[in-house]
Amino acid sequence: MLTIPTLNAVPPRDARERVVLVLGNPNVGKTTLINALAGTNMTVGNWSGVTVEKREAKVYFAGKAIHLTDLPGAYSLSPNTPEELITRTALLEAAPDLILNVLDAGNLERNLYLTLQALEFGLPMVIALNLMDEAADKGMTVNAAALSQAIGIPVIPMVASSGRGVKDLLRFMAEPPAPTQTRPTYPLALESAAHQLEAAAQAFEKLLPHTRRYVALNLLEGDASLRSKLTITGHGALVAQSDGLTQALASTNLEPLLELAEVRYSEANRIARLAIPSFEHRRTLTERIDRWALHPYLGIPLFLLSMLLVFRLTFSVGAPFVNFIGGPLQETLSGWAAALLQPLPSVFGALVNGALIPGVGTVLAFVPTLLILYLAMSFLEDSGYMARAAFLMDRTMRSVGLDGKAFIPMILGFGCNVPAVYATRTLENPKARLITTMILPFMSCSARLPVYVIFSAALFGSAGSTVVWAMYVLGTSVALLFAAVLSTRIKGVQDIPGVLELPPYRLPSASVMWKHGVNRTRSFVRRAGTTIATTVAVVWLTLSIPVSTGQGFATVAPRDSLFGEISSALAPVFAPAGFDTWQATGALIPAFVAKEVAISTLGQIYLGEQASSPAPLTALEGLTRLGNGLLEALRGAGASLLEVFAPPSLNADPSSERGNPLTAALSKAFSPAAGLAYLVFVLLYTPCIATVGAIANEQGRRIAWITVGYQLLTAWLLAVLTFQIFRHLL
Amino acid sequence: MTRIQTVLNALSTQPKTASELMAALGSSEAAVLGILETLERGGYVQQAVPPAAAGCGHCNLKSLCRVADADPQELKLHLYRLTTRGAAQLLVTT
């Protein structure tokens, strides 16, 4: 096994042995190359004290034993990462017969920076110009001879994976070329300082001669890790001298780091242009997909279709789990709680079984639905498709006085309106910022989804996912309509068209998608445990306080409670919209705190009464019920997968979805037209207090209040319109 | 104007990504990223990690967002902005 010697203790080498250091950027195929060179002779060795594995192999060729050391991938020899540090240390402490620099032919300019740094060592060097096939696929014709002439060292064009070029390379390894004299030329003052340091380095015997120029240049560059290494190993005087020289250069406005980088990057660019004189651009996968995804006529319909698929997936696959959590799970928990709380005063049973389990539980029932939605949205976002949606909307956005960049906060609003409001800071134009902030609350955030799902399941059956999708389309359309109106009313300068970045498509990593999905769902669960639980407790309290005398606390009928009285007083306002019951109106009031509270309140009202005195369950009875419920949910979810791709149905068929007690209660309490109007109202009225606070933060309280006002008015008007139209159709 | 000056100058107006700087330099995106990393090491530019108040959390679209409160490891577009040192250097060289 080869050991890398430290300092200048380079042992005398057998004339039949060759030591080769394999150097290159990450992912250029170094390991593949070593496998191709060494075949089955390869051994892997771990060096103690490092976290990165270095590999070495021995290969025999032309009577020579060639020791290959595969150094960790490095972009530069001015270390920025632990891998680069290991690579640099190996070059400083070894005296190889050859540096084998592996380059990615399709990424020449970036790779050449390391090559130019490696040239400073003045050691024999050969370039393995790997991945020639991939470069050709990109439309690049790389001229290896021109590259060799420009750098002054041999260049072997290769495809390591297929073994192309391997033999030519082995010949150079067995008989390395003479050291090259080609090096980048730096400004005179810098060269002079480097020469002084090189001369001073001669006094330090521990520094290998071939490392002096590199050490001098990196000290001038301010390489912190090299400075500490030299200081520790007794080269403090050299470091001090470099400090003096750097200060002298700085006094003439010469920054060594920038000067060195400038020369190397310019040289890398020049050499790359010589090696690749022409570049016939081939269509990438991203360009091929974008031909359809960004099509001027098909782009937006395809986007709408993809969103419909997302909602169908969310609705169809999530519904059986909603029914399971809202049905068997809640019933079991209520039964267990009843058994546990039997010895305590009845008010505890009323709070747990009449408020917390139906209230918080109803909201938590949507965890699987939201997880599926977040995973699907993560897929669209991470794959790069959502950026295309913003691009597609550019023309539409311009027609309403904004540009495509304003659509990005709007897409963010699908998740949560609060960060979306803050994201309007991305818009440079104050007028665009104001308008976008004011229309954002119309974007349907994920807190509204549970309301759509439960009502759709209760009233629209197999057409439910289409209704959910329609809510998102309606929210976006109303937002755009308001933008058009506001842009004519609000004075300000015309926006300068912005540049929208379109990242290349990529297949999102499953683990990253899962992480994003779980993190977003976790924040929903956290809200259920804090904001929603608190609101549920307050609603329960107001539902327990009797208004008229003669009835006791927590025994009062909900209609006669404080909550019921207030809701009843407001209910007539919604008579033209078809949902003028005190229950429907009452659920909208606490939903100002958070939209999903509407569902928890409906759960408390409709289920609380029947759940407040559930039959106690034993552990076994509960577990059996849970097991059966879960199996049914899994079977239902599996069967629902096929429904995602079935032709959309517009028939409201509520009879098919009755697995959840709340959906059953809602289907009796609302007609389809009234339910639809209710969803429209939930979609369009003030999203939550946090969003109002965010708007007040960004645009001031006056704008926040104006937004609340016109949202309430718009929500009421459109809810009335919806009911009046659909009462005769549904 | 040198390549480094071109980059510093382009970043002086607003944060930009490597691909936005490609055209100005006539280089590949990877090569521009290399220049940006060198400048970052010298303290002339920094990755644009904006105010925590943006509250974007784990939102994936923060890669499109110039105020995103992002984990630099997850930033897919790697926006760079000028530091005070970078701005001073630009003044000296222009």
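Given the structure is predicted, the values throughout are model-derived calculations rather than measurements. Just so it is clear: chains get the letters A, B, ... in the order the sequence lines come, proteins before strands, and each one is counted from 1.
Within 6.0 Å of CZ in Arg85(B) there are more than 12 heavy atoms belonging to other residues, nucleotides or ligands.
The greatest number of non-hydrogen atom pairs below 4.5 Å with chain B, out of Ala224(A), Gly222(A), Ala261(A), Ser266(A), is found for Ser266(A). Among Asn25(A), Leu257(A), Leu258(A), Asn697(A), the residue with the largest count of heavy-atom pairs under 4.5 Å with chain B is Leu258(A). Contact count versus chain B (heavy atoms, under 4.5 Å) is highest, among Ser78(A), Ala694(A), Ser76(A), for Ser78(A).
With rounding to the nearest 0.5 angstrom, the OH atom of Tyr80(B) is 5.0 Å from the CD atom of Glu37(B).
Contacts between Arg264(A) and chain B at a heavy-atom distance below 4.5 Å are absent for every atom of the residue. Using a 4.5 Å cut-off between heavy atoms, Glu40(B) does not touch chain A at all.
Salt-bridge check for Arg270(A) with Glu267(A): passed, with a basic side-chain N closer than 4.0 Å to an acidic carboxylate O. The existence of a salt bridge linking Arg3(B) and Glu109(A) is confirmed by a sub-4.0 Å separation between a basic side-chain nitrogen and an acidic carboxylate oxygen.
Smallest separation of non-hydrogen atoms from Tyr374(A) and Thr521(A): CD1-OG1, 3.4 Å.
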